[in-house]
2 protein chains.
Amino acid sequence: MNQRQDLVGQRAPGSRRGKGGDGAERHEIIYRSISDAIIEHRLKPGARLREDALAEVFGISRTGIRKILQRLALEQLVTLTPRRGASVTRPTAEEAHEVFAARQMVECGLMPEVARCVDEASVKTLHELSDQEQKALRKGDHSAAIRHSADFHTCLARLAGNATLAEFVERLCFRSSLILAVYGKPGHLGCETHDHATLITLLKEGRGQEAAVLMGNHLRAVEATLAIVEEDQEAPDLHQIFLS
Amino acid sequence: MNQRQDLVGQRAPGSRRGKGGDGAERHEIIYRSISDAIIEHRLKPGARLREDALAEVFGISRTGIRKILQRLALEQLVTLTPRRGASVTRPTAEEAHEVFAARQMVECGLMPEVARCVDEASVKTLHELSDQEQKALRKGDHSAAIRHSADFHTCLARLAGNATLAEFVERLCFRSSLILAVYGKPGHLGCETHDHATLITLLKEGRGQEAAVLMGNHLRAVEATLAIVEEDQEAPDLHQIFLS
DNA sequence: CCGTCTATTTTTGTATACAACAAGCAATGT
DNA sequence: ACATTGCTTGTTGTATACAAAAATAGACGG
């Protein structure tokens, strides 16, 4: 909230150094702002992200915005169409399946190691995340719920101690959030079950193999709540539609 | 080869449009040029990549180079130090272990699916890659051997039909190449064994589980040939060294 | 009244200019 | 002789200016 005030606002050419935050840090904040907005569905898939508009909102020039958009594009949260600019990625049905298959492989594969590594502090953090998610869900705050769910899975992956794999899982979770936005049925919402809490219990007791199985079922269940069908945008067959 | 001629050379301010290739395509070519040079160890870890120099070499302005460097940084092939510029990433020992652990999980996990998907054409491609690698190895052409080895593993991963996972494997292979450059013993070189050929045979016969086991051993063997020890760069204890 | 062509406007792509920072070097003082 | 400090130089960070390409709207002809 406070940063907002700093970010927007005056940008007299010389006053650049006056800010407390370093330049790179400001970029990081802006990156996260946009990233969060996408993950929390405040920016919906397909939404256009004009450089000029973003530059004005955050009080930096287009150069910085472009850098950030490029980063988001590499993480597949936004799509950069040449000469058309940036928009929030709308995952295809195929991508959706791929992402869930990838999560299935990596997240399940990580469980045994996580079961070996958990300690008191981690369990506490996981519980908090899980509780926050449930609370948000009950309040009907979809944005927060999605955010906490992604955080839960990411946090879990991090416990295995492999930063490379954890980062991969994080990205998959972000993309999952986009998939939910596109293919999720209005009623259902992501990880609504009690699975997360059960998962924590299993891991705490060192039952890694069972945790892996549960995680597998959990991911399959989430994917099953989706209506992953490609609504063909390009070349809708008019003959098929009108001459039937 | 032809593009090379176009890329270097004159860059009269107005001649920008004269090129046959589209702008984005040229960027892709430059990206690949640098990426290849890193993967094939023609640019060694730690090598500095000055924007100005690269801009001149490829005949575009620093803006384009920065974009490319940023992309390479996100793929962890180059490291961007604030105010110090870009250099070829020197993986830490920890990163090295992480990358191999990740490959272990993903590449092995992919084998059953690959065994299900292989067809005649794929087998032929894989054999070619494997042969080229062996040939390069015999000729002592390390660059080509490393390249083909990475291509082999990437191609294999692609066969499973999951582009997301395949891309992840590709990146891991690239990073593995860097790891080899830093921690590889001069004598040994990557995948020197007959494993690749054996792998193809197993997959062709649909023995996915056995292929997974072999892949596991293969990766462990490669990692075992490395001398992964952190040579502490910062703060070498001079007292310890000279006053012993 | 509708379709097409053109002009305008909007938006991105690229280069360059300028300012800030880090590093190396020299000079001076202790 | 050594350390510290200030200057000079090289390199990156940021903004802006300009050019090219879409999208849009308007005019003209059928």
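Every chain is numbered from 1, with letters handed out A, B, ... down the list of sequences.
The side chain of Lys67(B) places an N or O atom within less than 4.0 Å of a non-bridging phosphate oxygen (OP1 or OP2) of dT14(C).
Rounded to whole Å, the distance from CG on Leu80(B) to P on dT11(D) is 16 Å. As rounded to whole Å, 14 Å separates atom P of dA15(C) from atom CD of Glu56(B). Ile60(A) places its CD1 atom 14 Å from the C1' atom of dT16(D), with the value rounded to the nearest Å. Spacing between atom CD1 of Ile65(B) and atom C1' of dA15(C) amounts to 13 Å, rounded to whole angstrom units. Atom CZ in Phe58(A) sits about 18 Å away from atom C1' in dT14(D), given to the nearest Å. One interatomic measurement links the two molecules: CZ of Arg66(B) to C1' of dT11(D), which rounds to 10 Å at whole-angstrom precision. Straight-line distance from the CZ atom of Arg62(A) to the C1' atom of dT12(C): 6 Å, rounded to whole Å. Atom CZ of Arg83(A) is separated from atom P of dA19(D) by 15 Å (rounded to the nearest Å).
Comparing Ala86(B) and Gly64(A) by the nucleotide of DNA chain D whose heavy atom lies nearest to each, the residue mapping closer to the 5' end is Ala86(B).
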**OP:** Run the numbers on Leu49(B) and Leu54(B) for side chain to side chain contact (heavy atoms under 4.5 Å, CB included), then give the verdict.
**Re:** CA-CA 7 Å; Leu49(B) 302 170; Leu54(B) 289 172; 4.0 Å; yes
**OP:** Please lay out, stage by stage, how Tyr31(B) and Glu75(B) fare under the test side chain to side chain contact (heavy atoms under 4.5 Å, CB included).
**Re:** CA-CA 12 Å; Tyr31(B) 161 77; Glu75(B) 292 171 5; 2.6 Å; yes
**OP:** For the pair Glu223(A) and Ile228(A), evaluate side chain to side chain contact (heavy atoms under 4.5 Å, CB included) and give the outcome as yes or no after the intermediate values.
**Re:** CA-CA 8 Å; Glu223(A) 191 179 358; Ile228(A) 306 186; 4.2 Å; yes
Could you write out each protein N or O paired with an N or O of nucleotides 6-11 of chain C at a distance under 3.5 Å?
residue	atom	partner	partner atom	Å
dT11(C)	OP1	Arg50(A)	NE	3.2
dT11(C)	OP1	Arg50(A)	NH1	3.1
dT11(C)	OP2	Arg50(A)	NH1	3.3

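When each of Leu43(B), Val78(B), Ile30(B), Leu72(B) is checked for a side-chain contact (heavy atoms from CB on, under 4.5 Å) with Ser35(B), only Leu72(B) meets the rule.
Between Glu170(B) and Arg158(B) there is a salt bridge, with a side-chain nitrogen of the basic residue lying less than 4.0 Å from a carboxylate oxygen of the acidic one.
The minimum heavy-atom distance between His153(B) and Cys173(B), with the atom names listed, is CB-SG, 3.5 Å.
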